[in-house]
Protein chains: 2
Amino acid sequence: MLAVDEAGSNRSVVTQLRAYLAQATLPEDGRLPAERDLSAVLGVTRTELRKALGALEAEGQIWRHVGKGTFMGNRPVDTLSDIAALSKRTNPAELMRARLIIEPEIARAAALTATPMHLAELRMCQARTREAATWRQYETWDTRLHRTVAEATQNTPLLGLFDMLNALRRAVTWGRLRSNPVKPEPDHHSFTEHETIITAIENRDMNGAAAAMRTHLQSVERNLLARQSSEAD
Amino acid sequence: MLAVDEAGSNRSVVTQLRAYLAQATLPEDGRLPAERDLSAVLGVTRTELRKALGALEAEGQIWRHVGKGTFMGNRPVDTLSDIAALSKRTNPAELMRARLIIEPEIARAAALTATPMHLAELRMCQARTREAATWRQYETWDTRLHRTVAEATQNTPLLGLFDMLNALRRAVTWGRLRSNPVKPEPDHHSFTEHETIITAIENRDMNGAAAAMRTHLQSVERNLLARQSSEAD
DNA sequence: AGATCCGACCAATTCTAAATTGGTTGAGAG
DNA sequence: CTCTCAACCAATTTAGAATTGGTCGGATCT
């Protein structure tokens with residue numbers, strides 16, 4: 001009934017559990033048997049086992065989750081890399097801040113590594129956006145242009161990050177489509193801004209590419225805010 | 001039997017299909033009924049319908065995928081945001097290049113937005129890494145320190161990108177764990193480098209924070225290469 | 001003959017229901 | 001009082017059925 005006694009009885013199970021963990025060969029992911037099974041193997045009550053597991057969890061040796069199981073090692077940080085979950089916790093303004101931080105650096109890297117093939121595709125996308133008869137077509141080629149910049153870095157992880165930002169953008173902007181059905185006007189700001197970006201990349205001007213991309217995104221942001229304020233547009 | 005006749009018969013189904021698409025109210029994701037159902041609704045053969053769908057797909061109005069269905073709009077770019085798929089197409093060197101591009105910018109942003117709470121947590125993580133008795137513990141707090149920098153940006157998408165990079169790192173490094181069981185030495189390069197990063201963030205020195213983070217990552221990279229060359233270590 | 005229709009089948013994907021898992025509660029035994 | 005045991009709960013995984021676009025071969029019609 002004394003605290004010492006409780007600790008004592010628990011400690012024996014804990015040590016027994018520690019011995020088991022040291023000896024057992026558990027699967028790649030470090031998952032150990034279910035509590036019901038493990039209690040049978042160790043010949044202890046589930047209640048007892050759970051106390052011992054609780055102790056090990058408290059000292060960070062293991063981590064548990066309902067429906068998943070009990071695992072050895074550090075609990076993995078709950079990764080926010082899920083687009084759907086992420087899109088619910090953010091907003092267009094925050095997303096634009098992230099884009100302003102990331103995409104200029106992607107453009108900078110692209111200026112260093114772009115191949116003639118990439119440059120040709122950039123030029124083609126630029127031409128297609130000018131020819132676009134509808135906003136749908138414009139956005140198709142605009143998206144591809146920006147993705148080509150990311151591809152030009154020739155860096156797979158970087159391209160993955162860019163895709164994630166893009167997926168987020170679609171998820172966040174979801175619902176409020178472009179209300180304006182007319183096609184983009186020939187003096188749309190994006191045309192000259194795209195031109196500046198592509199030229200900088202062609203000239204291997206890393207700082208110029210980053211600056212041009214930043215300017216472009218700020219321009220897009222200004223446009224979004226303007227459209228938001230005048231609802232009808 | 002002439003080519004014109006074929007085109008003529010197809011065109012009628014195509015126009016019928018176009019009319020249906022213009023009139024029908026399809027779900028949020030733009031998915032239209034299954035071919036077997038749609039053919040019944042339009043009163044045409046599935047073969048005929050498929051020809052018409054093929055035409056519309058060719059001109060980019062719709063896109064199809066086995067098991068998924070047929071959808072209106074542009075085919076979504078096959079996003080590389082899947083960690084597992086991504087980790088197979090990349091390598092540690094490429095990943096480190098991406099980190100060198102992204103993480104300094106995260107540190108720069110953090111220097112601008114970090115709250116006293118974040119600074120306190122950074123200091124705590126730094127202390128914990130110094131106290132670490134094993135590499136496992138060291139890595140736990142090192143990881144948390146770097147994530148706190150990302151949290152300090154107070155930007156959800158940016159934090160998501162950071163988590164994605166981290167998940168990638170774990171996936172790519174998978175298999176070759178740290179072979180050295182001894183604890184980190186007191187003069188480990190990371191200690192002073194972390195100190196420089198945290199100090200810069202405390203001083204709201206954005207350029208300093210970015211530079212310190214870049215230096216730190218380059219140091220880690222050097223370390224990795226050295227360990228790789230001397231396999232035994 | 002030759003195109004078309006029809007049914008069946010295939011592989012990729014989604015949907016659904018059962019099984020599993022850690023966490024919790026309450027009655028009863030010691 | 002404490003511990004045990006069984007049942008239950010919600011989160012998660014798993015496995016199998018159902019669905020979907022794509023394909024093939026024989027039957028049918030022109």
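Note that the structure is a prediction, hence the values are computed from the model and not measured. Each chain gets a letter, A, B and so on, in the order its sequence line appears, and its residues count up from 1.
Here A/R50 reaches the OP1 or OP2 of C/dG23: one of its side-chain N or O atoms lies under 4.0 Å away.
For residues 55-66 of chain A, proximity to DNA chain C is found at A/R64, A/H65, A/V66, defined as any non-hydrogen atom under 4.0 angstrom from a strand atom. Only B/T45, B/R46, listed by number, bring a heavy atom of residues 39-47 of chain B to less than 4.0 angstrom from any atom of DNA chain C.
Donor-acceptor pairing under 3.5 Å, judged by distance alone, is present between the side chain of A/R36 and the base of C/dG23.
Proximity of B/L159 to B/R147: side-chain heavy atoms (C-beta onward) are separated by under 4.5 Å at one or more points. By the 4.5 Å heavy-atom criterion applied to side chains, A/I101 and B/I106 are not counted as neighbours. Side-chain atoms of A/I198 and A/C125, non-hydrogen and from C-beta on, never get closer than 4.5 Å to each other. Residues A/Q16 and A/E48 have side chains not in contact (no heavy-atom distance under 4.5 Å, counting atoms from C-beta outward). A 4.5 Å side-chain heavy-atom check between B/K68 and B/R31 finds every atom pair outside the cut-off.
Protein atom CG of B/L49 is 13 Å distant from nucleotide atom C1' of D/dT20, rounded to whole Å. The distance between atom CZ of A/F71 and atom C1' of D/dT12, rounded to the nearest whole Å, is 10 Å.
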Sugar-phosphate or base contact per nucleotide [nucleotides 24-30 of chain D; S, B, -; heavy atom under 4.0 Å]: -------
Please list each protein N or O that sits under 3.5 Å from an N or O in nucleotides 27-30 of chain C, with the distance.
none

So which protein N/O to nucleotides 13-18 of chain D N/O distances come out below 3.5 Å?
none

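Ion pairing between a basic and an acidic side chain is recognised when a charged N comes within 4.0 Å of a carboxylate O; B/E121 and B/R144 show such pairing. Electrostatic pairing of B/E105 and B/R108 counts as a salt bridge here, judged by a charged N lying under 4.0 Å from a carboxylate O.
The one candidate from B/R50, B/R64, B/K51 that meets the salt bridge (charged side-chain N to carboxylate O under 4.0 Å, His left out) condition with B/E57 is B/R64.
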Derivation and outcome, side chain to side chain contact (heavy atoms under 4.5 Å, CB included), residues A/R18 and A/L56: CA-CA 9 Å; A/R18 279 218 172 81; A/L56 284 186; 3.6 Å; yes
Derivation of the salt bridge (charged side-chain N to carboxylate O under 4.0 Å, His left out) call for B/E103 and B/R169: CA-CA 13 Å; B/E103 296 195 29; B/R169 187 159 60 85; 5.8 Å; no
Derivation of the side chain to side chain contact (heavy atoms under 4.5 Å, CB included) call for B/Y20 and B/L38: CA-CA 10 Å; B/Y20 170 83; B/L38 189 51; 3.7 Å; yes
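By the ring-ring contact (aromatic ring centres under 6.0 Å, His included) test, A/H118 pairs with no residue at all, sequence neighbours left out.
With A/E94 contributing its side chain and B/T156 its backbone, the two residues share a donor-acceptor pair below 3.5 Å. Checking side-chain atoms of A/T90 against main-chain N and O of A/L86 turns up no donor-acceptor pair under 3.5 Å.
Ring geometry for A/F191 against A/Y138 counts as perpendicular: the plane angle is over 60°, on a 0 to 90° scale with 30° as the lower cut.
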